[in-house]
Amino acid sequence: MHGMALENRSMMIEVEIRKTLASNGRSFSLSVAFSSDDNAVVLFGPSGSGKTLTLQSVAGLVRPDSGRIAVNGRVLFDAAAGIDLPPRARRMGYLFQDYAIFPHMTVEDNVGYCRRQPWQWRLSGRDRKDATALLDTLEIGHLAGSYPADLSGGQKQRVALARALMTRPDLLLLDEPFSALDTLLRGKLRKELLDIQARFRVPMIIITHDPEDIEAFAETLVTYEGGKVREIRRPLDPGK
């Protein structure tokens, strides 16, 4: 697709953070550290174990109390050094669990939203062309003028993925991307996501509690339990 291909890149991510949340007399403490130079890192574990909090910290949506986050040597957060890049400067594509698609915008405008400046009331011709190309690649070009209320779960996911790719991200962050889908559609979209990763050559961090996602994606598997990393391993290594 013209103008939107991403160069072939590998990922080196380093995460070492601590964060305590308190609400209504209860508290949760996250204290995790992991690193990987693989192109697909899976964060696995039960709900409430700190996976989403980690992903939000990498994206810049949550500020850790202390620690450091770096991607390919580029420091995104370093509490000791006073570094905390805003989300838009981190070059992350974030696919939220509920997709977070704007209901009042068409599919095309949702995908192009990240490119639109505050003073613009519509996309530029070039950005519209890029959005159209992405939608065609994901086989939803015919839905460009549709609204989210008219889309199926699988179509909404593709729209959210197209929007994330529109940022030309250094890293895709996916929070349980298949949890809202039925079993048959999950299998289909797993294959599609693998194809998209190969086509765009963009590294990913994926949150899941589904062992089938581990089998499909995990080059590095980081297992969470109670706000801590219990285990780090590489499931695809021979003999594992």
**OP:** For Leu174 and Met204, run side chain to side chain contact (heavy atoms under 4.5 Å, CB included): C-alpha distance rounded to whole Å, both residues' side-chain angles, the deciding distance at 0.1 Å, then the answer.
**Re:** CA-CA 7 Å; Leu174 302 104; Met204 303 185 297; 3.9 Å; yes
**OP:** Just do the side chain to side chain contact (heavy atoms under 4.5 Å, CB included) check on Thr132 and Glu108 with the steps written out, would you?
**Re:** CA-CA 7 Å; Thr132 298; Glu108 183 179 66; 3.4 Å; yes
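With a 4.5 Å cut-off on side-chain heavy atoms, Glu219 and Asn39 count as touching. The shortest side-chain heavy-atom distance between Phe217 and Thr208 does not fall under the 4.5 Å cut-off. The shortest side-chain heavy-atom distance between Ser35 and Met12 falls under the 4.5 Å cut-off. Looking at Val222 and Phe44, their side chains never come closer than 4.5 Å, going by heavy atoms from C-beta outward. In this structure the side chain of Arg68 never reaches within 4.5 angstrom of the side chain of Ile17, judged on heavy atoms. Between Ser66 and Arg18 the shortest side-chain heavy-atom distance falls below 4.5 Å.
For the salt bridge (charged side-chain N to carboxylate O under 4.0 Å, His left out) test, residues two or more places apart in sequence or in another chain that qualify with Arg230 are Glu225. In this structure Ser146 satisfies the side chain to side chain donor-acceptor pair (under 3.5 Å) test with no other residue, sequence neighbours excluded. Applying the side-chain contact (heavy atoms from CB on, under 4.5 Å) test to Phe28 and every residue at least two apart in sequence or in another chain returns Leu30, Leu53. Here Ser152 pairs with Gln155 under the side-chain contact (heavy atoms from CB on, under 4.5 Å) rule; sequence neighbours left out. Not counting sequence neighbours, the partners of Asp213 by the salt bridge (charged side-chain N to carboxylate O under 4.0 Å, His left out) test are Arg190. Scanning for side chain to side chain donor-acceptor pair (under 3.5 Å) contacts around Ser36 gives Thr220, with sequence neighbours left out. Arg158 pairs by the salt bridge (charged side-chain N to carboxylate O under 4.0 Å, His left out) definition with Glu192, not counting sequence neighbours. For Asp136, there are no salt bridge (charged side-chain N to carboxylate O under 4.0 Å, His left out) partners, not counting sequence neighbours. Checked against side-chain contact (heavy atoms from CB on, under 4.5 Å), Ala164 has the following partners two or more places apart in sequence or in another chain: Leu172.
Among all heavy-atom pairs drawn from Arg201 and Ala198, the shortest one is CG-O, 3.3 Å. Closest approach of Pro235 to Ala218, counting heavy atoms only: CD-O, 3.8 Å. The minimum heavy-atom distance linking Ile69 with Ser57 is given by the pair CD1-O, 3.5 Å.
Taking CG of Leu173 as the start and CD1 of Ile205 as the end, the distance is 5.5 Å to the nearest 0.5 Å. Taking CG from Leu43 and CD1 from Ile232, the interatomic distance works out to 10.0 Å, rounded to the nearest 0.5 Å. How far CE of Met92 is from CG of Leu61: 11.0 Å, rounded to the nearest 0.5 Å. Note that the CD atom of Glu231 and the CZ atom of Phe34 stand 14.5 Å from one another [nearest 0.5 Å]. Note that the CD1 atom of Ile13 and the CG atom of Asp37 stand 11.5 Å from one another [nearest 0.5 Å]. Interatomic distance, CD of Glu176 versus NE2 of His209, reported as 5.0 Å (0.5 Å rounding).
Glu16 contributes no side-chain N or O that, together with a main-chain N or O of Ala33, makes up a donor-acceptor pair within less than 3.5 Å. Between the side chain of Asn110 and the main chain of Ile101, no donor-acceptor pair closer than 3.5 Å is present. Remark: the backbone N or O of Arg74 is not paired with any side-chain donor or acceptor of Asn72 at under 3.5 angstrom.
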Without placing hydrogens or testing angles, list every side-chain donor-acceptor pair under 3.5 Å for residues 77-85, not counting sequence neighbours.
unit_1	atom_1	unit_2	atom_2	d
Asp78	OD1	Ala80	N	3.1
Asp78	OD1	Ala81	N	3.1
Asp84	OD1	Arg90	NH2	2.7
Asp84	OD2	Arg63	NH1	2.9

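Put simply, the residue from Leu134, Leu151, Leu143, Thr106 that forms a side-chain contact (heavy atoms from CB on, under 4.5 Å) with Val159 is Leu151.
Among pairs with a residue in residues 46-56, those fulfilling side-chain hydrogen bond (donor to acceptor under 3.5 Å, both in side chains) read Thr52-Asp175, Thr54-Tyr224, at least two apart in sequence or across chains. Within the structure, salt bridge (charged side-chain N to carboxylate O under 4.0 Å, His left out) contacts touching residues 138-156 (residues at least two apart or in different chains) do not occur.
Tyr147 and Leu135 fall into different hydrophobic clusters, where Ile, Leu, Val, Met, Phe, Trp and Tyr residues are linked whenever their side-chain heavy atoms come under 4.5 Å apart, directly or through other members.
Classification of Lys19 and Asp65 as a salt-bridged pair holds, one side-chain N sitting under 4.0 Å from a carboxylate O.
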